[in-house]
Protein chains: 2
Amino acid sequence: MASIHDVAKEAGVSVATVSKVINHYPDVSEKTRRKVKNAIELLRYRPNVIARGLVTGRSWTVGVLINIPFTNPYVSMLLEGIKTALENSGYDLMRLSARLNDPDYSFIDHCQSRNLDGVVVFGVEKDHRSIQELIESGIPTMFVDTDATGQRAGNITTDNRNGVHKAVRHLIELGHQRIAYLAGIPGQPVNESRLAGYLDGLKASSIPYREEYVVNGDYSYDSGIQGTKKLLELAQRPTAIVCTSDMTAFGAIHAIEAQGLTVPGDISVVGFDNIFEAELFKPALTTINQHIHSIGVKSIEELISMIKSADYPPPVVTEPSSLIVRESTARCPEPVSGDVH
Amino acid sequence: MASIHDVAKEAGVSVATVSKVINHYPDVSEKTRRKVKNAIELLRYRPNVIARGLVTGRSWTVGVLINIPFTNPYVSMLLEGIKTALENSGYDLMRLSARLNDPDYSFIDHCQSRNLDGVVVFGVEKDHRSIQELIESGIPTMFVDTDATGQRAGNITTDNRNGVHKAVRHLIELGHQRIAYLAGIPGQPVNESRLAGYLDGLKASSIPYREEYVVNGDYSYDSGIQGTKKLLELAQRPTAIVCTSDMTAFGAIHAIEAQGLTVPGDISVVGFDNIFEAELFKPALTTINQHIHSIGVKSIEELISMIKSADYPPPVVTEPSSLIVRESTARCPEPVSGDVH
DNA sequence: CTGAAAGCGCTTACAG
DNA sequence: CTGAAAGCGCTTACAG
């Protein structure tokens, strides 16, 4: 690769002058600008972003820390949004090989040694030391689905609470009273707000909360199976199950059918996420739609705004959620007897 | 961040010496090594990878060019493999915001200005100028599913041809003779070898090739729907359809059922990829399994070998494929009448 | 309008 | 075993 010195020599000017035309400084005569441009063309010169970054302190790269498998459809959609927003921004995306479980590893050291301009974090538990260190470091940060903030850190989430509330209301309107909830990982902000939505929904119709109707999981297909097995063993089994993710809902449906029961004939199931497969599944899944792609796009747009201006206020944005009714929910099969309350 | 100068001052030595202990040079006395290590500890110093890269010419980052949406399950699995292999390698992954359609854009310029140590490319048509430029540039490269090679460029693919051949054989064993093929994008190496496998399968049983039984698509769900519609309009419609991807197979099944026909009752369908959803789908999909995760892992392992040693021969690796029989294929419903041949 | 010089944070011969 | 110096490819005051 030709360097800036080669160009300077070729054009018969100083490297300072070459730098000025590259960076569109106004105080360069048209004539030397021409000469330089020609030399650049001739040598196919491209400025070295790395070297530039060393002096300007900007790397034109944003880092991403995603502590969840890429095979999770939610992650895929998020990444797709991130990618879209990055497209003509001039920034590239770096996926850090973070060793979060290694006590000697420091995520911010990693970011700083890479000169990252900003970072988006997803899927890290809120109490992981990295979160706090990141906030203190002053590196522009956007947290996805984690309600952390800081001087230079904002966050973006779906309106999880309302989403689950809507799901519960929908089931109640269909006559269900025995509504269970297959939750996510306790302590995670996402999980807490969804659980709150579940409780909101019950309370709005004065349905008492039953501890045995809430079982935790990890958003996976498998935890849908396991959780549902437990629910089906209950003396009074639920007639509807709200799930913390579509994958979990798929698992739930599988487990229900494995018992010879049907969805939605015997039990209604609703998911959360509205991944592409929700529509393909049989029965097509009633679920809560999240604007995941949009969350990806906005996380980057906001991050770039923060990078560009030190006093851009760190945003806290909530994306709406909505209920998509399909085939996995139906009227409660038998009128609920009085003993439920 | 503390710099190497700060450490040198703190330890009372020169920066050269600090550099030597960082890089584990043997010729440093134990005593000064101690002093330096303490200073590093004290200042929480971490070497700047960027600055180091400027002088060593290595960036410890590998680039990835993926010209297919992340929401494609195949891509997700590939990325997951790539991520796994990178985990403790010291390398980070950079996803380049490549503007492949912009004539002023050059992918290798991009790679070079970022100082990338190597790159894995996936989903770029073989005749795109970037491929050739990349090969000529001498940047260590691994192509996934593209049979390009070069001085410093290897590739890795699934045994596509055999995979489809097995699918066809399976259908023939079930009594099918009218076997259609929903292909991918013409000209892409993956497509050509799969098509060859289809022809192999027919030929092995002396079933004549019918042009109208092959329709091209783009691996998507939608192209499965469109392609199948065409097949169903044929005077003599196929009794089995082999698809170039699982997503396309899902689309095919949808289109078949939309006509009031059943799978596999009326028509058998087989996919390609064996994505996670293949098992969940109803009917569970008979498909060709690819070791996608393994392809991701190996592409990085081989790439790193090439980076580390200039004379590591660029590998050409083929991963096996295998048929997974599930519920979407069954015996051919009606004995095929003589007119087929 | 142009260029010499210092510096970003490192590494690497080389001399002592 | 240690350090002064040059250099990686750039940008940025500053002087002229």
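A, B, ... follow the sequence lines: proteins, then strands. Residue 1 opens every chain. Because only heavy atoms are used, hydrogens play no part in the values below, and waters and symmetry mates are left out as well, while side chains stay in. Values in this document were obtained by computation on a predicted structure and should not be read as measured data.
Close to D:dC10, at under 4.0 Å from its OP1 or OP2, lies no side-chain N or O of A:T56. OP1 or OP2 of D:dG3 lies within a sub-4.0 Å distance of a side-chain N or O belonging to B:T17. A close approach under 4.0 Å does not occur between any side-chain nitrogen or oxygen of A:S19 and OP1 or OP2 of D:dT12. Under 4.0 angstrom from either OP1 or OP2 of D:dG3 there lies at least one side-chain N or O belonging to B:S14.
Applying the ring pair (Phe, Tyr, Trp, His ring centres under 6.0 Å) test to pairs two or more places apart or on separate chains, those with a residue in residues 100-133 of chain A are A:Y74-A:F122, A:Y105-A:H110.
Side-chain atoms of A:D311 and A:S309 form a donor-acceptor pair, as typed in the model, at a separation below 3.5 Å. Between the side chains of A:R58 and A:Y91, at least one donor N or O sits under 3.5 Å from an acceptor N or O.
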Report all interatomic pairs (protein N or O, nucleotide N or O of nucleotides 5-9 of chain D) with separations under 3.5 Å.
from, atom 1, to, atom 2, distance (Å)
D:dG9, N2, A:A51, O, 3.3

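Atom CZ of B:R34 and atom P of D:dC1 are 16 Å apart (whole Å). Atom NZ of B:K20 is separated from atom P of D:dT2 by 9 Å (rounded to the nearest Å). Remark: P of D:dG3 and OH of B:Y25 are 16 Å apart, rounded to the nearest angstrom.
Atom CD1 of residue A:I82 and atom NE2 of residue A:H293 lie 10.0 Å apart, to the nearest 0.5 angstrom.
Stem regions for DNA chain C, each three or more consecutive Watson-Crick or G-U pairs with both distances under 3.5 Å and listed by first number, read C:1-3 with D:14-16, C:5-12 with D:5-12, C:14-16 with D:1-3.
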